[in-house]
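Here's the structure we're looking at; comments come further down.
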Number of protein chains: 2
Amino acid sequence: MHENPRPDRTATPIELIEQLARVAAAYYRHFAAAAAGHGLTLMQGKTLSLLTRPRSMRGLAGLLSCDASNVTGIVDRLEARDLVLREPDPSDRRVKNIALTEHGERTVRLIRADLMSGLTALEELTAEDRGALRSLLDRAFPETTSAAYRALPG
Amino acid sequence: MHENPRPDRTATPIELIEQLARVAAAYYRHFAAAAAGHGLTLMQGKTLSLLTRPRSMRGLAGLLSCDASNVTGIVDRLEARDLVLREPDPSDRRVKNIALTEHGERTVRLIRADLMSGLTALEELTAEDRGALRSLLDRAFPETTSAAYRALPG
DNA sequence: TATTGTTATACTCTATAACTATA
DNA sequence: TATAGTTATAGAGTATAACAATA
């Protein structure tokens, strides 16, 4: 028995960041494919997925990490396909609240189902492993908890 | 003591996928900021980071998950800034191998350092936690191991 | 015949700056 | 004065189709 057995796998911060890069790329590859299956781009699919409740244009810009001026075009294209609609905000007439239409709701469910069916390995994890993975991701990216996202204004 | 205490955190496959979406978005937000600090776009920074060894145009297209025709423009812009260069392949004159210049090597190191300094929570994990996270990510995305990436042709 | 890289094209995404209508 | 949404603009990323050079 050796004192310092060589581990099969390294896990330096650099190695972990490189794997996160590959996982993030793989996630978006799967997501973009699911969105494309419904004739939508990555950003359009992302926008639909973020509309779990109505959001203002600027709220969407924050969630999409892009300038508010971009959201106009993205929402224009989604609205032209009857996937979302702009509702005037009753308490501030400057604000428009973007909400999913029924067609949008249906589409986002289909995209999510396609995405999940593409991520079979993830679904095959045990509940315990999923909990451990989630907990570790929360600690590695503390700004990305679901509570933090839900609480965002707009 | 209850038989079925309500857990603080759920970890259904759907919840986990939603958190992965947030983590992937956060990763790219950090990466894009690090690349922008050196006047580079996300795709330009990604391309530099993938050039751990010379890659053909089509090899890069595969790693970037985009059509080969896009790589021409991306590499054009990097080459114009002396970050990469095109080398003819000695064994197949159709192929061009893209390699980092010295300036490219330096830039990619700086981007990586900036990225790491933006992901402080990740670096603060214990070695054990990093190993566990890496192992779980490997199992959740088995196509993204570093060995699989290194072995890709081109 | 098939493959590599490129070009042409049209569309989408992107930040910046300026504008309008509200607040 | 400040903010929300939009428009105009220029640049970058994107897929598709077609092309020349090479295999």
Side-chain angles (χ1 to χ4, degrees), chain A residues 25 28-29 31-33 35-50 54-81 83-99 152-154, chain B residues 25 28-29 31-33 35-50 54-81 83-99 152-154:
Chain A
Y28 277 122
R29 190 167 59 245
F31 186 89
H38 298 268
L40 297 170
T41 66
L42 174 64
M43 289 304 288
Q44 290 165 358
K46 242 170 134 175
T47 301
L48 290 190
S49 297
L50 290 168
R55 295 280 190 180
S56 69
M57 297 296 277
R58 285 192 122 79
L60 275 178
L63 292 171
L64 293 168
S65 298
C66 72
D67 190 85
S69 64
N70 302 323
V71 183
T72 299
I74 294 169
V75 167
D76 279 350
R77 289 181 274 275
L78 292 173
E79 196 173 29
R81 295 176 54 178
L83 291 161
V84 304
L85 49 84
R86 287 168 158 98
E87 293 173 330
D89 187 297
S91 70
D92 185 337
R93 297 200 309 183
R94 293 173 303 178
V95 175
K96 292 176 186 172
N97 292 313
I98 314 307
L152 291 175
Chain B
Y28 277 122
R29 190 166 58 242
F31 186 90
H38 298 269
L40 296 170
T41 66
L42 175 63
M43 289 303 288
Q44 290 166 358
K46 242 170 133 174
T47 301
L48 290 191
S49 296
L50 290 167
R55 296 280 189 180
S56 69
M57 297 295 278
R58 284 193 124 78
L60 274 179
L63 292 170
L64 292 168
S65 297
C66 71
D67 190 85
S69 63
N70 302 322
V71 183
T72 299
I74 294 170
V75 167
D76 279 351
R77 288 182 274 275
L78 292 174
E79 196 174 28
R81 294 177 54 179
L83 292 161
V84 305
L85 48 84
R86 289 167 157 99
E87 293 174 331
D89 187 299
S91 69
D92 185 339
R93 298 200 307 184
R94 292 174 304 180
V95 174
K96 292 176 186 173
N97 291 312
I98 314 307
L152 290 175

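Chain letters run A, B, ... following the sequence lines, proteins first and then strands; every chain starts at 1.
Here the rule is side chain to side chain contact (heavy atoms under 4.5 Å, CB included) with L60(A), and of V84(A), V75(A), I74(A) only V75(A) fits it.
Between R86(B) and dT4(C) there is no side-chain polar atom (N or O) within less than 4.0 angstrom of OP1 or OP2. Checking the phosphate oxygens (OP1, OP2) of dG5(C), no side-chain nitrogen or oxygen of R94(B) falls inside 4.0 Å.
When all heavy atoms of M43(B) and L64(B) are compared, the closest pair comes out as CE-CD2, 3.8 Å. Of all the heavy atoms in A99(B) and E87(B), the pair that sits closest is CB-OE1, 4.1 Å. Closest approach of N97(A) to V95(A), counting heavy atoms only: OD1-CG1, 3.8 Å. Scanning all heavy atoms of the two residues, the minimum distance from A35(A) to G45(A) falls at CB-CA, 4.3 Å.
Spacing between atom CG of N97(B) and atom C1' of dT4(C) amounts to 11 Å, rounded to whole angstrom units. Straight-line distance from the CG atom of L60(A) to the P atom of dC13(C): 13 Å, rounded to whole Å. Nucleotide dG5(C) holds its P atom 8 Å from the CD1 atom of I98(B), rounded to whole Å. Computed from coordinates, the R55(A) CZ to dA4(D) P distance equals 15 Å when rounded to whole Å. In this structure, L40(A) atom CG and dC11(C) atom P are separated by 17 Å, rounded to whole Å. The distance from atom CG of L78(B) to atom C1' of dA12(D) is 12 Å, rounded to the nearest whole Å.
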Nucleotide N/O to protein N/O under 3.5 Å, stretch nucleotides 13-17 of chain D:
unit_1: dG13(D); atom_1: OP1; unit_2: T41(B); atom_2: OG1; d: 2.7
unit_1: dG13(D); atom_1: OP2; unit_2: R77(B); atom_2: NE; d: 2.8
unit_1: dG13(D); atom_1: OP2; unit_2: R77(B); atom_2: NH2; d: 2.4
unit_1: dA15(D); atom_1: OP2; unit_2: D67(B); atom_2: N; d: 2.7
unit_1: dA15(D); atom_1: OP2; unit_2: N70(B); atom_2: ND2; d: 2.6
unit_1: dA15(D); atom_1: N7; unit_2: N70(B); atom_2: OD1; d: 3.1
unit_1: dT16(D); atom_1: O4; unit_2: S69(B); atom_2: OG; d: 2.8

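Residue R93(A) is classed as a sugar-phosphate contact, given heavy-atom separations below 4.0 Å to backbone atoms only. At the heavy-atom level, D89(A) lies nowhere under 4.0 Å from the strands shown.
Ranking dT22(C), dA23(D), dT6(D) by closeness to the K96(A) side chain, first place goes to dT6(D).
Side-chain atoms of D67(B) never come within 3.5 Å of backbone atoms of N70(B) as a donor-acceptor pair (strictly under, hydrogens ignored).
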